[in-house]
Amino acid sequence: MVLVLVMVSCTSAKNKEGLNIEKPNIILIYADDFGRGLLSSEGQEIIRTPNIDRLAEEGIRFENAYGSMLCAPARASLITGYHDAHGDRWTISAGGIYKKISTGEMEQEEIEAGLDAQRGDIPESEMFLGEVLKEAGYVTGEIGKLEWGFSTTSKEIKRHGWDYHYGYYDHVRCHGFYPPFLFENGHLTHIDGNTRADCGKTIERETEEAFKERWDMEGKVQYSQNLFLEKILSFIRENKDKPFFLYHPTQLPHGPVAIPEVADEYANDERLTQIEKEYASMVKMLDDHVGIILNELKELHIDKNTLVIFTSDNGHEIYYSQEGRILKPVRNMATNEFFDNIDTKYYSELAGDVFDGNDGMAGIKRSNWEGGVRVPLIARWPGKINEGTVSNSLVTNYDFLNTMADLVGVNIRNKKDGRSYLPQLLGDTSDGHEYVVYSSFMGPALVTNDGWKIRYYAPKGIFQLYFLPDDYREEHNLIKENPKKAKELTDLMISECEGDLANGWFKNGENVLPPIKNK
């Protein structure tokens with residue numbers, strides 16, 4: 001056993017600077033709609049996240065990390081290395097199609113054939129995240145929520161480079177936590193005791209009837225996140241003697257709210273309503289599972305040779321509403337007025353978010369305010385990443401592929417938008433990206449490494465300029481005082497959008513392929 005551990009720990013590669021770096025095992029935990037304000041290490045006062053906090057205490061925490069504004073483009077950016085404001089990098093598929101297996105309307109083979117035909121062939125020149133690690137000799141695994149579009153296929157998953165896969169193929173089905181079936185290496189696997197075609201999805205508006213429906217456990221026996229944890233531990237154990245890359249896109253804490261039981265520490269918390277207690281328990285479960293994974297690494301004696309990364313796809317979102325507390329669509333609870341997203345915008349204290357999940361920033365998921373796109377990014381690699389490090393480097397979701405390629409010594413076949421932040425992980429204090437760009441339901445935005453941000457509100461054709469180091473909450477539009485800076489950044493943003501700002505304006509339904517129909 002000792003000999004095997006020595007052999008694994010000595011596996012190395014040269015990165016692009018020519019440095020010999022050990023090939024660690026790599027685990028990426030990709031949370032869903034996890035605002036950075038949910039972490040106690042970021043000041044969260046109600047929910048405790050000791051295990052994710054431990055990653056930060058024993059590793060590095062990035063203060064200026066960006067995701068995307070929505071699930072599907074975030075995941076596509078992660079595995080391709082492109083930002084989501086292009087016009088031609090990918091097309092997002094519609095969700096909901098795999099529900100037709102439960103209703104008996106369609107079979108798996110028919111659905112997959114339709115989706116594959118709709119998307120067409122993927123160019124051989126294209127390179128994906130799993131593929132990068134496979135090329136470096138890693139065993140690759142993806143366990144959890146799908147990583148492409150709002151629906152995917154076994155053919156796509158293999159093309160993206162995954163040796164092992166277990167989880168959902170359909171984003172809409174991910175809105176329930178009690179799936180009657182999941183997929184394992186392309187094969188449909190029935191989940192005993194789960195019989196609900198909607199995977200146990202419930203409504204978000206809290207009423208007495210909604211509470212009863214949520215806790216009606218008929219046909220809801222096995223909770224998906226617990227199933228994922230079992231597969232994660234099995235994957236780690238089976239591959240402990242070889243370099244592995246495990247990607248875990250969890251559903252948590254995406255809603256609608258569902259949890260097998262309320263955690264004891266929140267059950268009698270008078271600050272919280274019942275559904276808030278349940279939401280807090282979802283965040284706690286994710287943190288608990290991070291702790292279980294870390295303990296497993298230690299028990300297998302591979303802890304010191306494993307890089308563990310925790311981040312989120314996008315910023316915070318609210319998955320419950322209750323009269324007099326918080327409502328969806330979000331609004332100012334004191335005035336009952338909707339935010340115009342020009343002069344008025346979402347802040348936790350105005351909208352009624354008791355958790356302040358976006359950490360005091362403006363906006364939430366789908367927006368191009370900071371609260372919609374800034375995410376936690378934490379990494380731990382004992383002996384390689386200095387403990388308790390805080391980095392102010394500008395990094396983003398679409399950097400991850402380049403970072404992994406740099407780490408394991410793989411040359412990427414085609415040019416990506418991302419750049420490696422491996423130097424920052426290992427102690428470099430440089431600024432990272434010169435700028436990052438992202439799309440939203442409101443339009444694109446661009447942020448520079450010195451903190452300038454240009455924001456385009458497409459519905460009204462309005463540009464706004466902010467200086468984030470002095471304006472964390474985006475309260476002071478400086479465009480009139482800084483016309484030269486505004487033009488410089490606007491031109492840069494238009495260029496990144498390939499000459500058309502509409503490429504950075506995600507309009508629901510217009511950016512998604514039509515659903516596959518029954519023949």
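Values in this document were obtained by computation on a predicted structure and should not be read as measured data.
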[Y] side chain reached by [X] side chain, heavy atoms, under 4.5 Å:
X	Y	value
C71	H254	yes
Y164	I143	yes
K145	Y30	no
L501	F463	yes
N397	V373	no

Query raised in the report: R380 and D303: salt bridge (Lys or Arg N to Asp or Glu O under 4.0 Å), yes or no, with the steps?
Result: CA-CA 10 Å; R380 173 186 182 269; D303 175 62; 2.9 Å; yes

Does [X] use its side chain to pair, donor to acceptor, with the backbone of [Y] at less than 3.5 Å?
X	Y	value
N358	G363	yes
N402	D399	no
Y66	V437	no
E42	R36	no
R61	E57	no
D353	D356	yes
N482	L478	yes
N368	A445	no
S348	G360	no
N503	C497	yes

Answer with yes or no whether the side chains of [Y] and [X] bring together a donor and an acceptor at under 3.5 Å.
X	Y	answer
D33	Y319	yes
E278	Y266	no
E147	W162	yes
Q251	S224	yes
S439	D84	yes
E126	Y82	yes
D470	H476	no
W148	E156	yes
S40	T49	yes
Y466	E475	no

Please state whether the rings of [X] and [Y] are parallel, tilted or perpendicular, taking 30° and 60° as the class boundaries.
X	Y	value
H160	F128	tilted
F183	Y169	parallel
Y247	F245	parallel
Y168	F228	perpendicular

For the [atom1] atom on [X], are there more than 12 heavy atoms of other groups (residues, nucleotides or ligands in this structure) within a distance under 6.0 Å?
X	atom1	result
E124	CD	no
D88	CG	yes
E265	CD	yes
E349	CD	yes
N411	CG	no
K485	NZ	yes

Query raised in the report: Are any of the side-chain nitrogens in R75 or D32 under 4.0 Å away from the carboxylate oxygens of its partner?
Result: yes

Shortest non-hydrogen separation from [X] to [Y] and the atoms involved:
X	Y	value
L401	M127	CD1-O, 3.8 Å
L133	V408	CD1-CG1, 3.9 Å
K240	R237	CG-O, 3.4 Å

Requested in this report: Could you go through the side-chain contact (heavy atoms from CB on, under 4.5 Å) check for I236 and T306 one step at a time?
Outcome: CA-CA 11 Å; I236 293 171; T306 303; over 6 Å; no

Query raised in the report: Is the ring centre of Y166 less than 6.0 Å from the ring centre of F235?
Result: no

Requested in this report: Apply salt bridge (Lys or Arg N to Asp or Glu O under 4.0 Å) to the pair R271 and E45, showing each step before the final yes or no.
Outcome: CA-CA 11 Å; R271 294 170 294 180; E45 296 180 353; 6.0 Å; no

Query - Option among I52, N51, I27 that satisfies the side-chain contact (heavy atoms from CB on, under 4.5 Å) test with F310 - result: I52

Return the [atom1] to [atom2] distance between [X] and [Y], rounded to the nearest 0.5 Å.
X	Y	atom1	atom2	value
I29	I232	CD1	CD1	7.0 Å
S77	Y438	OG	OH	13.0 Å
D163	F244	CG	CZ	13.0 Å

Report task. In sequence, state the C-alpha distance, the side-chain angles, and the governing distance for L492 and I454, and then conclude on side-chain contact (heavy atoms from CB on, under 4.5 Å). Result -> CA-CA 10 Å; L492 189 57; I454 191 75; over 6 Å; no

Requested in this report: Decide yes or no on salt bridge (Lys or Arg N to Asp or Glu O under 4.0 Å) for K231 and E184, but give the supporting numbers first.
Outcome: CA-CA 10 Å; K231 296 295 184 180; E184 186 167 28; 3.2 Å; yes

Query raised in the report: Would N25 and N239 count as a side-chain contact (heavy atoms from CB on, under 4.5 Å) if you check the C-alpha gap in whole Å, the side-chain angles of each, and the deciding distance to 0.1 Å?
Result: CA-CA 10 Å; N25 305 311; N239 296 289; over 6 Å; no

Requested in this report: Would you kindly check if the NZ (Lys) or CZ (Arg) of K453 is within the cone defined by 45 degrees around the ring axis of F467 and under 6.0 Å from the six-membered ring centre?
Outcome: no

